[in-house]
Amino acid sequence: MSLRAKTCPQRREMASATSGPGRCVSKGGLGRRPPLARVRVAVRLRPFMDGETEAKELPCVRAIDSCSLEVANWKKYQETLKYQFDAFYGEKSTQQEVYVGSVQPILRHLLEGQNASVLAYGPTGAGKTHTMLGSPEQPGVIPRALMDLLQLAREESAEGRPWDVSVAMSYLEIYQEKVLDLLDPASGDLVIREDCRGNILIPGLTQKPITSFSDFEQHFLPASRNRAVGATRLNQRSSRSHAVLLVKVDQRERLTPFRQREGKLYLIDLAGSEDNRRTGNQGIRLKESGAINTSLFVLGKVVDALNQGLPRIPYRDSKLTRLLQDSLGGSAHSILIANIAPERRFYQDTISALNFTARSKEVINRPFTNESLQPHALAPVKLSQKELLGPSEAKKAKGPEEESTGSPESTAAPASASQKLSLLQKLSNMDPAMLENLLSMERLLGSQGSQGTPLLNTPKRERMVLIKTVEEKNLEIERLKMKQKELEAKVLAQEAPDPREKENTPTILQPPASYSGTVAKPLKKAVVMPLQRIQKQRESSNKIHLLKKGPKRKLEPSPESEAVEKDEDYWEVQISPELLAHGRKKLLDLLNEGSARELRSLQRIGQKKAQLIVGWRELHGPFSEVEDLEQVEGISGKQVESFLKVRPPLPFLHGVPPSQPTLGCYANARSSSLQANLLSLAASQHSDPS
Ligand SMILES: Nc1ncnc2c1ncn2[C@@H]1O[C@H](COP(=O)(O)OP(=O)(O)OP(=O)(O)O)[C@@H](O)[C@H]1O
């Protein structure tokens, strides 16, 4: 028997429509909630199966339009029961119409790494197997979908395309609450499990890779013969089990960031609900029927629980519903095709199938993209035997020929085997955070379209060179850090006061030896520059005198070069009038001649005020004294006062950067910003070699 579909004109359009760059990619597990997707429902009415009945009775179902139908209400003859679905396929509908209208559109989601399910539901003998499988003349959903998927996979995998797509199939049946592998009937009852992301798995289920439709037929046809089928009064070849064909579409990205996606397609031909008064079932058939009806009853309960938003959905109450957990209220794009029959004797079954289908259309799924990084991008590097051996052993292990010629790898990569080993071990032992960073970089590079050498999944030699470079950079950083520490220590040592000087000139850096107190934070490097400037100033001029004033918290460098803070007498700056006058003159010069930028070096003068000063100067000519600042438009008397009276903080005690006028720290409560400015100017003049 061949299942080959004759033609499928829409296939080309669908293939190209799904292979474009605008493919939707929703991310699963990244915090964003996947969009909702309602379970789609379609109803298919099969024709009368024999002319005799057709001649005798009218069909109990009638189409209203392509989405609605009505059923005679036999309780009230004047009334009909109306139903609306996503699609209604009448008795004249073809396999092609059903497939193209309801199944083909969801196939594209598989190439987005999402799951999809097609379920044929309905009473026994209503046409489920015909819809799903069909016949060689009228192939159904399964052969058509497989043909299209394989075609899509081929197109997506074509050279130059970013993804490599592979397809594999599994085939199972649920017979009397047992999960049986139709590709390996000897394997017995299999267990259904759920992974951490809620995906349903069947460990041990045979999976056959398929690259062509004949591959599929080769596995599928003999497996179908393993399926439990039996004759009942209503169907000569009645399915006694639920048959599930699982098609996995696996995609692997060829370039960075080497993602992989997995989409699963469930094609399910459910066993039909059976009224055993009509089927005439006895013995084993009755038992089968009991199991079928029970699982379909649980299926109804699952749908009801989902519709009512109940906290517990009874998926686990049957193997069927456990398997369908993905498809109903789960992560799949699902389509339910209810098959119904026109004969009166099916009336009750038709009504209950339609009611179940109507309830199912309220079920909401949340399909998401099953995407992860390929294992080889994450897995620890496996070492070859040669790499595991030391250099001498590796040499011994080499054949004489190989030794003399050398492999291309050995000539191109001069690193020794032991070096390789340590580098490779580094990668396998890499800190997960570091690995994650590398992978993020990969993703970033990938998202920016970089085609450059990937960090991971490069050929081994390149990878080792990359790792080595990273290691060398890290070592370099460590070396620089050490050097910086040494330099800082040297600078601090240079600044340690000369003992001779200590006797003559007390300074804040060198308070009386009797000072002791609590340990404060060590001086930060930011204070180095201003202190140097002060020392120079002190050496070159004796115009600043420190006077003992009163108790004050002070810092003292301890022998362990830690600053010691203590309440003690403090020292106040007394500036010689000569230096003050000099500074005042310099400040005035700056106010009169300095650019806005230079003016901003003064305390309390920002960009805006500096510009106002320049503007005032251009309008009124030079300032005659510093206090004239008050006349500058926009600078209030209060601001000038605060400019003159502001008490500078003690910044250097807390590591304020040298750009701050840290000379202000020498001024006491009485000293003003003006003094600070004056000191700063005076100091800069003294420290300036020119
Ligand atoms: N749309 C259709 N056009 C033509 N024949 C059909 C159609 N639907 C079903 N049939 C025929 O009706 C018979 C019963 O159909 P089928 O075996 O598919 O029913 P079923 O729902 O799978 O039954 P069961 O649940 O017992 O397995 C078959 O001979 C099938 O070929």
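Note that ligands are numbered from 1 as they come in the structure, with each ligand's atoms numbered from 1 the same way. Small disclaimer: the values here were computed from a predicted structure and weren't measured. No hydrogens, no waters, no symmetry mates; every other heavy atom, side chains included, goes into these values.
Backbone and side-chain nitrogen or oxygen atoms of Thr129 are examined, and one is located within less than 3.5 angstrom of a nitrogen or oxygen of ligand 1. In terms of polar-atom proximity, Ala126 is counted as a contact of ligand 1, with an N or O under 3.5 Å from an N or O of the ligand. Close N/O approach between Leu270 and ligand 1 is not found [any backbone or side-chain N/O within under 3.5 Å]. The shortest N/O to N/O separation between Ala271 and ligand 1 does not fall below 3.5 Å. The distance criterion of under 3.5 Å between nitrogen or oxygen atoms is not met by Gln138 with respect to ligand 1. Where the criterion is an N or O separation shorter than 3.5 Å, residue side chain and backbone included, Arg46 fails it with respect to ligand 1.
Distances from ligand 1 to the non-hydrogen atoms of Pro47 include at least one value under 4.0 Å. Residue Pro123 places a heavy atom under 4.0 Å from ligand 1.
Checked for salt-bridge contact, Lys319 and Glu173 miss the test: no charged N lies under 4.0 Å from a carboxylate O. In this structure, Glu155 does not pair ionically with Arg161, as no charged nitrogen and carboxylate oxygen lie closer than 4.0 Å. For the pair Glu70 and Arg62, the salt-bridge criterion is met [side-chain N within less than 4.0 Å of a carboxylate O]. Ion pairing between Asp164 and Arg252 fails under the 4.0 Å rule for side-chain N and carboxylate O.
Under 4.0 angstrom from ligand 1, the non-hydrogen atoms of Met49 all belong to its side chain. In Arg44, the part holding a heavy atom less than 4.0 Å from any atom of ligand 1 is the side chain.
In summary, the side chains of Ser170 and Gln207 do not present any donor paired with an acceptor at a separation below 3.5 Å, with no hydrogens or angles considered.
One option in Lys92, His242, His130, Met132 has a heavy atom closer to atom 4 (C) of ligand 1 than any other, and that option is His130. Comparing Gln95, Lys128, Glu91 against atom 25 (O) of ligand 1, the shortest heavy-atom distance belongs to Lys128.
The two residues Ser241 and Ile174 make their nearest non-hydrogen contact at CB-O, 3.3 Å.
In the vicinity of Gly272, heavy-atom distances shorter than 4.0 Å reach the ligand 1 atoms 25 (O).
The aromatic rings of Phe213 and Phe216 are tilted relative to each other, their planes meeting at an angle between 30° and 60°.
The distance from atom CD1 of Ile200 to atom CZ of Arg193, rounded to the nearest 0.5 Å, is 11.0 Å. The structure places CG of Asn339 at 4.0 Å from OG1 of Thr131, a figure rounded to the nearest 0.5 Å.
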